[in-house]
Student: 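Quick one: structure below, then a few questions.
Quick caveat, the model's predicted, so the values are computed rather than measured.
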Amino acid sequence: MEIVEDIVIAGAGLAGLTTALGLHRLGIRSLVLESSDSLRVAGFALLTWSNAWKALDAVGVGDTLRLKHERLQRFLAHSLVSGEVTSELAFKGHEVRCLKRRFLIEAFEQELPRGTIRFSSKVVAIEESGHFKLVHLADGTIIKTKVLIGCDGVNSVVAKWLGLDTPVFTGRSAIRAYADVKGGHGFEPQASLFFGNGVRTGFLPCDDETVYWFLTYTPSIQDKDMEDNPTKLKQFALSKIGNLPDQLNSIVESTELDNIITSPLRFRRPWELLWGNISKGNVCVAGDALHPMTPDIAQGGCSALEDGVVLARCLAEALSKPGDEEWKRIEKGLERYAKERRWRSFELISTAYTVGIIQQSSGKIMNFLRDKILAKFLVGLTFGRAGFDCGKLSV
């Protein structure tokens with residue numbers, strides 16, 4: 001069976017849904033292909049900085065999400081070695097909240113026209129047909145489209161078609177989890193992070209009753225058997241943060257086993273973006289398909305939202321301008337998008353990787369440098385990358 005669509009977006013994650021909603025706001029229909037049979041909310045929550053809120057406001061869902069999530073007031077970094085606060089900064093001039101991923105994804109879905117998302121639609125191959133692309137799905141369906149946008153994650157079929165390399169394993173993994181505390185958790189509205197002894201961990205309140213927490217670590221061969229065992233994951237996390245305040249330990253202890261996951265951290269080598277194809281003809285990539293990065297500056301999700309706004313705007317401009325044949329305008333529009341996102345993606349991947357390696361390091365020399373000299377510098381890098389403005393949707 002062959003279907004014809006003007007714009008096809010592979011992946012109903014943050015980048016894909018932001019792009020689809022941005023196009024919808026500009027009066028342009030798209031079809032989003034999601035491989036799962038429902039919306040994916042893996043990861044549970046994400047820290048959203050000012051740059052993310054500018055993107056959410058651009059597509060019209062910011063205010064809805066603000067009502068459900070507490071605004072964080074400051075950032076505290078602690079040493080896991082000494083227990084001391086190494087850096088404390090108010091989020092002055094920044095809007096920072098920890099968003100529940102489910103609420104974020106559902107906010108997009110509710111604003112999109114019914115039928116925009118096609119579930120159980122896994123892209124397995126891409127074929128050229130003149131100025132069109134033929135998108136082959138696992139169920140045998142073929143979709144003919146003028147524009148193909150790959151938002152299909154770190155294992156992107158679209159990125160592979162463009163010639164981008166498979167993202168590489170960093171040697172680190174992350175446990176992500178959340179705890180619901182009935183009656184209130186009592187946390188102050190702040191991001192509390194702890195670094196050293198080979199791990200990074202953090203605790204962030206989403207609202208009055210939910211706390212999101214994470215722990216990044218370097219897995220050993222012995223740790224492999226706990227990847228699919230939430231009980232062992234919880235025990236491992238407690239063994240690494242045992243000297244933290246009782247309030248934080250109790251959050252980990254009270255976390256339901258269904259609310260704990262782990263995954264390897266992968267990233268795209270940043271220099272690949274300098275000469276690789278972000279777009280080619282009527283095909284491009286966004287989100288983790290473009291710039292998979294480590295979570296150390298909390299910009300993976302934020303930058304995916306930026307991608308969606310910029311891409312929707314560039315594509316709408318291309319489709320609305322008179323002049324060249326439509327396929328040429330589409331190609332130029334995607335090239336403009338790629339130009340805008342290339343250096344931004346390079347910067348974010350590089351910064352996140354560097355910050356993570358330093359913060360998670362162990363050893364007396366690195367502990368001293370991180371805690372006494374580099375702490376404020378690293379926080380400054382994180383704050384600096386959050387000031388980006390993706391602009392409005394208006395063409």
Side-chain angles (χ1 to χ4, degrees), residues 14 36 38-49 52-53 56 61-78 80 83 85 88 90-91 95-110 173-194 199-217 226-263 295 298 301-302:
L14 298 186
S36 303
S38 62
L39 290 173
R40 292 170 290 122
V41 293
F44 303 130
L46 67 152
L47 191 64
T48 46
W49 291 82
W53 287 102
L56 292 170
V61 296
D63 287 341
T64 299
L65 292 165
R66 286 184 178 94
L67 295 173
K68 300 176 181 179
H69 298 86
E70 184 175 25
R71 183 167 181 170
L72 304 183
Q73 300 300 322
R74 61 176 181 164
F75 174 99
L76 268 76
H78 307 72
L80 279 170
V85 174
E88 179 178 353
F91 287 132
E95 180 177 4
V96 184
R97 302 171 198 264
C98 188
L99 288 192
K100 294 181 181 179
R101 187 176 289 265
R102 177 172 62 84
F103 287 176
L104 178 54
I105 294 294
E106 287 176 353
F108 284 123
E109 184 188 31
Q110 289 166 7
S173 293
I175 296 172
R176 297 178 174 94
Y178 73 93
D180 286 322
V181 184
K182 292 183 179 180
H185 48 64
F187 275 60
E188 291 186 41
Q190 64 188 29
S192 299
L193 278 74
F194 301 81
V199 300
R200 295 174 67 256
T201 187
F203 297 81
L204 305 107
C206 297
D207 51 34
D208 292 339
E209 295 190 336
T210 304
V211 177
Y212 169 70
W213 62 270
F214 67 86
L215 184 141
T216 64
Y217 62 100
M226 72 178 185
E227 289 179 1
D228 298 316
N229 189 324
T231 301
K232 289 186 176 181
L233 288 175
K234 182 191 283 194
Q235 293 170 346
F236 177 81
L238 287 168
S239 73
K240 294 296 183 181
I241 63 171
N243 61 341
L244 295 187
D246 290 342
Q247 185 187 29
L248 301 180
N249 277 285
S250 68
I251 288 296
V252 178
E253 289 173 348
S254 65
T255 301
E256 299 288 340
L257 296 182
D258 288 343
N259 299 337
I260 304 175
I261 60 170
T262 187
S263 57
C302 297

Student: Sequence neighbours left out, what passes salt bridge (Lys or Arg N to Asp or Glu O under 4.0 Å) with Lys234? Give chain and number order.
Tutor: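 Testing Lys234 for salt bridge (Lys or Arg N to Asp or Glu O under 4.0 Å), a comparison that skips the adjacent residues, returns none.
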Student: Can you name the residues that form a side-chain contact (heavy atoms from CB on, under 4.5 Å) with Glu227, not counting sequence neighbours?
Tutor: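 side-chain contact (heavy atoms from CB on, under 4.5 Å) check on Glu227 returns Lys224, Thr262.
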Student: Could you walk me through whether Leu204 and Val211 pass the side-chain contact (heavy atoms from CB on, under 4.5 Å) check?
Tutor: CA-CA 6 Å; Leu204 305 107; Val211 177; 5.9 Å; no
Student: Hey, could you give me the NE2/CD1 distance between His185 and Ile251, rounded to the nearest 0.5 Å?
Tutor: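 Spacing of NE2 (His185) from CD1 (Ile251) equals 7.0 Å.
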Student: Working to the nearest 0.5 Å, report the span between CG of Leu72 and CD of Glu188.
Tutor: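 It is 11.5 Å, given to the nearest 0.5 Å.
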Student: Report the residues that fulfil ring-ring contact (aromatic ring centres under 6.0 Å, His included) with Phe108, sequence neighbours left out, ordered by chain and then residue number.
Tutor: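 Phe108: no ring-ring contact (aromatic ring centres under 6.0 Å, His included) contacts found.
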Student: Are the side chains of Arg176 and Ser263 in contact, using a 4.5 Å heavy-atom criterion?
Tutor: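 They are in side-chain contact.
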Student: Is there side-chain contact between Leu244 and Thr201, with heavy atoms separated by less than 4.5 Å?
Tutor: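 Counting from C-beta outward, Leu244 and Thr201 do come under 4.5 Å.
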Student: Going by side-chain contact (heavy atoms from CB on, under 4.5 Å), name the residues that satisfy it together with Glu209, two or more places apart in sequence or in a different chain.
Tutor: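 Per chain and number, Glu209 pairs via side-chain contact (heavy atoms from CB on, under 4.5 Å) with Asp207.
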Student: Return the set of residues passing side-chain hydrogen bond (donor to acceptor under 3.5 Å, both in side chains) with Asn249 (not counting sequence neighbours), or none when no residue passes.
Tutor: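 Testing Asn249 for side-chain hydrogen bond (donor to acceptor under 3.5 Å, both in side chains), a comparison that skips the adjacent residues, returns none.
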Student: Going by the side chain to side chain contact (heavy atoms under 4.5 Å, CB included) test, name the single residue among Thr255, Ile175, Leu238 that passes it with Leu233.
Tutor: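 The residue from Thr255, Ile175, Leu238 that satisfies side chain to side chain contact (heavy atoms under 4.5 Å, CB included) with Leu233 turns out to be Ile175.
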Student: In chain order, what residues pass the side-chain contact (heavy atoms from CB on, under 4.5 Å) check against Glu88, with sequence neighbours excluded?
Tutor: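 Per chain and number, Glu88 pairs via side-chain contact (heavy atoms from CB on, under 4.5 Å) with Arg74, Leu76, Val85.
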Student: Using 0.5 Å steps for rounding, measure from the CH2 atom of Trp213 to the CG atom of Asn259.
Tutor: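 That separation rounds to 10.5 Å.
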Student: Between Ala45 and Cys206, what is the shortest heavy-atom contact and its length?
Tutor: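 Taking Ala45 first and Cys206 second, the nearest heavy atoms are CB-SG, 4.2 Å.
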Student: Would you list the pairs meeting ring-ring contact (aromatic ring centres under 6.0 Å, His included) in which at least one residue belongs to residues 233-255, sequence neighbours left out?
Tutor: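 As it turns out, the ring-ring contact (aromatic ring centres under 6.0 Å, His included) pairs with a partner in residues 233-255, which skip direct neighbours, are Tyr217-Phe236.
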Student: Side chains of Tyr212 and Leu47, heavy atoms from C-beta outward: is any pair under 4.5 Å?
Tutor: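 They are not in contact (no side-chain heavy atoms under 4.5 Å apart), so the answer is no.
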Student: With a 4.5 Å heavy-atom cut-off, do Ile241 and Val199 have their side chains touching?
Tutor: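 A side-chain contact is absent here, since even the closest heavy-atom pair is not under 4.5 Å.
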Student: So, for Ala107 and Leu65, which heavy atoms are closest and what is the spacing to 0.1 Å?
Tutor: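 Heavy atoms only, the tightest pair is CB-CD2, 4.1 Å.
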Student: Can you check side-chain contact (heavy atoms from CB on, under 4.5 Å) on Lys100 and Thr210, steps first, answer last?
Tutor: CA-CA 9 Å; Lys100 294 181 181 179; Thr210 304; 3.1 Å; yes
Student: First locate atom OG1 of Thr216, then atom NZ of Lys240, and finally report the distance between them rounded to the nearest 0.5 Å.
Tutor: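 So the gap between those two atoms works out to 11.5 Å.
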Student: Give every residue pair that meets the side chain to side chain donor-acceptor pair (under 3.5 Å) criterion with at least one member in residues 62-73, sequence neighbours excluded.
Tutor: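 Listed by first then second residue: Asp57-Arg66, Asp63-Arg66, Arg66-Glu95.
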Student: Indicate whether any N or O donor in one side chain lies under 3.5 Å from an N or O acceptor in the other, for Thr48 and Trp53.
Tutor: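 Yes, because at least one side-chain N or O of Thr48 sits under 3.5 Å from a partner of the opposite role on Trp53.
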Student: Side-chain contact test, heavy atoms from C-beta onward, threshold under 4.5 Å: evaluate it for Gln247 versus Phe203 and give yes or no.
Tutor: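 With C-beta onward as the side chain, the pair stays apart.
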Student: Could you check whether any side-chain heavy atom of Leu14 comes within less than 4.5 Å of a side-chain heavy atom of Ile105, counting everything from C-beta outward?
Tutor: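 Yes, at least one pair of side-chain atoms sits under 4.5 Å.
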Student: Under the rule for ring-ring contact (aromatic ring centres under 6.0 Å, His included), what residues qualify as partners of Phe91, not counting sequence neighbours?
Tutor: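 With neighbours one apart ignored, the set is Trp49, Phe383.
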Student: With sequence neighbours left out, write down each residue that passes salt bridge (Lys or Arg N to Asp or Glu O under 4.0 Å) with Glu106, or none if nothing qualifies.
Tutor: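 Testing Glu106 for salt bridge (Lys or Arg N to Asp or Glu O under 4.0 Å), a comparison that skips the adjacent residues, returns Arg102.
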Student: For Asp208, give me all partners under salt bridge (Lys or Arg N to Asp or Glu O under 4.0 Å), at least two apart in sequence or on another chain.
Tutor: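 Listed in chain order: nothing, the list is empty.
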Student: Could you tell me if the ring centre of Tyr178 sits under 6.0 Å from that of Phe44?
Tutor: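 Yes; Phe44 has its ring centre under 6.0 Å from that of Tyr178.
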Student: For His78 and Leu193, indicate whether the former's side chain and the latter's backbone hold a donor-acceptor pair under 3.5 Å.
Tutor: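 Present.
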Student: Suppose we screen for side-chain contact (heavy atoms from CB on, under 4.5 Å). Which residues come up paired with Ser38, at least two apart in sequence or across chains?
Tutor: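 Scan of Ser38 (side-chain contact (heavy atoms from CB on, under 4.5 Å), adjacent residues dropped) gives none.
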